[in-house]
Protein chains: 2
Amino acid sequence: MTDLDARRTPVTQRAVEEIKRRIADGRFGPGDRLPTERDLAADLGVSRSSMREAIRALITLGVLESRHGAGVYVTALRPSDLLETFSVLAEVSQGATLLEVLQVRRMLEPAATALAAARADDAQIAHIGTLLEDIDGGDGTVSADLGFHQAIVAATGNATLAAVNDGLSSASFHTRVWAGHREAGLTAKLREDHHRIHEALLARDPDAARAAATAHVLRVEDWLRAELRGQADLRGQAAAGPGDQGPADADPAGTVDPAAARER
Amino acid sequence: MTDLDARRTPVTQRAVEEIKRRIADGRFGPGDRLPTERDLAADLGVSRSSMREAIRALITLGVLESRHGAGVYVTALRPSDLLETFSVLAEVSQGATLLEVLQVRRMLEPAATALAAARADDAQIAHIGTLLEDIDGGDGTVSADLGFHQAIVAATGNATLAAVNDGLSSASFHTRVWAGHREAGLTAKLREDHHRIHEALLARDPDAARAAATAHVLRVEDWLRAELRGQADLRGQAAAGPGDQGPADADPAGTVDPAAARER
DNA sequence: GTGCCAGAGTGGTCCGACCACCAACGGGTG
DNA sequence: CACCCGTTGGTGGTCGGACCACTCTGGCAC
């Protein structure tokens, strides 16, 4: 079977899988340096070009990293290493998919915030308080907001959770959210949400934290829903649009709870 | 600035970002065919080798796909396309990280199952019932189990949610779980969980669905915790272990709720 | 002992060639 | 005329080799 498989499988892909296998079974451990591209290519019986493509793929996955002139290394294989890639989702996605992303965040962030309320230590909560002041201070609001939320999720002590949530929150999306709220004069509401979350953390109250986080995500979700509907209306007026281009991706991501009901 | 940036930025990376930019601003849309590697390389002023590495990276990210002899195409950019990559996390991870993964699933799956109970149509629920019989039938249990859970999450209608959850459940991990439960004579318990979930879906009862899903994930989590502790004990007896290899990743991912309390 | 510098080794880039594969065009056949 | 099938051009896949940019290390000079 191996032979038949190998015959029709692209050489590069085979190389990728062979390296993954060697990492999985421990021949290459986290932080280890790999043999040189030339040696590895000879070892696996492929050209250096193909080997480089395989390495490039594994670098993209966050499994390897290369240092010019020094060698190729296995990363620490932390969740944050391996999940960095999927920020492309929030980067490239538009429209309905963004709503889906927010729906997932509405499942994760409240639970994460509640966890943080129960487990964060004083230093972490103090740090979060500092970030909150940065937001209100007004300078670099977007990145400050991003940092605030990341710090909360990080305070859960669950690196995987933090990495997943970070992936679902992209800087570019946050920028749009803030711009949209500023335009609508709603920044005060966001501020209010943040303070409520912080107070819940200070009080070590998981339930309050969960509720505050839910309200926050919901607010953003409502805004996005309205904005998307606005865009759709504009397009609808202009023309029926011959190719709306979306074959799949189905319905506009409805919801179960009141937020959706309100919308309909 | 552009010039200075460009000078020290690897050519391949610049190519990756340029293509991403062209996708983001719509010059390349979902399903479109890209210019040939040779043309694209000439256009961006890089060699074909570097262009191929850039394309390879974007293929790994799920943004592009190439068809031998036919051309390179932009994918549909569905969440499932873009999130396929992160199954490496569940593939490569071990020990404490797996616990973290389960903790995230404990936030997602209950919410997703509840959503499915509210939104799945009759056909979807019937299909899920079929998969349930496949599991009990006993043949290909692992893949059947995987299919059961995936079908439920898919029934939420949120493709992003489904893709994220799939990424957190790898086939190899499921295999370990089933083997471990069979060994411990707990397969009946898993079966029981599945039926409870299905009944909640049939009854369109989100609360019951949430509870059943939580119990199920919790059961797996408990088992994994015990197994990891067993392994740690073994290692502890044998030797103090010079390189436990984990520099970061911190504490063993505790929990807030009863499951953790029971454990301590 | 300390600092610097040159060399060897490594990844980064480029080039040109050839192979494997697909798709569309064409001529042949019914 | 309609349909089938082989040809042919163009595409991605692989290869080998060359050179550049960078890092690290060991030995030299001070």
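Letters A, B, ... mirror the listed sequences (proteins, then strands); counts begin at 1.
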(request) Can you measure from CG (L44(B)) to CG (D39(B)) and round to the nearest 0.5 angstrom? (result) 11.0 Å

What's the closest nucleotide to the [X] side chain, out of [options]?
X      : options                   : answer
V11(A) : dT14(D), dG12(C), dG13(D) : dT14(D)
P10(A) : dC22(C), dT14(D), dG12(D) : dT14(D)
H68(A) : dG12(C), dG13(D), dC15(D) : dG12(C)
R33(A) : dG16(D), dG12(C), dT10(C) : dT10(C)
A70(B) : dG16(D), dA23(C), dT14(D) : dA23(C)

Is there a side-chain contact between [X] and the phosphate of [N], meaning an N or O under 4.0 Å from OP1 or OP2?
X      : N       : result
R52(A) : dG11(C) : no
S50(A) : dC15(D) : yes
R67(A) : dT10(C) : no
T36(B) : dG10(D) : no
T12(B) : dG12(C) : no

(message) For dG16(C), does the base pair up with any side-chain atom of R48(B) as donor and acceptor (N or O, under 3.5 Å, distance only)?
(response) no

Tell me: [atom1] of [X] to [atom2] of [N], nearest whole Å?
X      : N       : atom1 : atom2 : answer
I59(B) : dG12(D) : CD1   : C1'   : 10 Å
L58(B) : dG12(D) : CG    : C1'   : 16 Å
E65(A) : dT10(C) : CD    : P     : 18 Å
L40(A) : dT10(C) : CG    : P     : 12 Å
E37(A) : dG16(D) : CD    : P     : 15 Å
L44(B) : dT13(C) : CG    : C1'   : 15 Å
R56(B) : dG12(D) : CZ    : C1'   : 10 Å
D39(A) : dG11(C) : CG    : C1'   : 13 Å

Whether [Y] and [X] form a salt bridge (side-chain N of Lys/Arg under 4.0 Å from carboxylate O of Asp/Glu) is what I want to check.
X      : Y      : value
E17(A) : K20(A) : no
R22(B) : D43(B) : yes
E18(A) : R14(A) : no
R67(B) : E65(B) : yes

(message) Let me spell it out: for each of R38(A) and Q13(A), pick the nucleotide of DNA chain D with the closest heavy atom. Which residue's pick is nearer the 5' end?
(response) Q13(A)

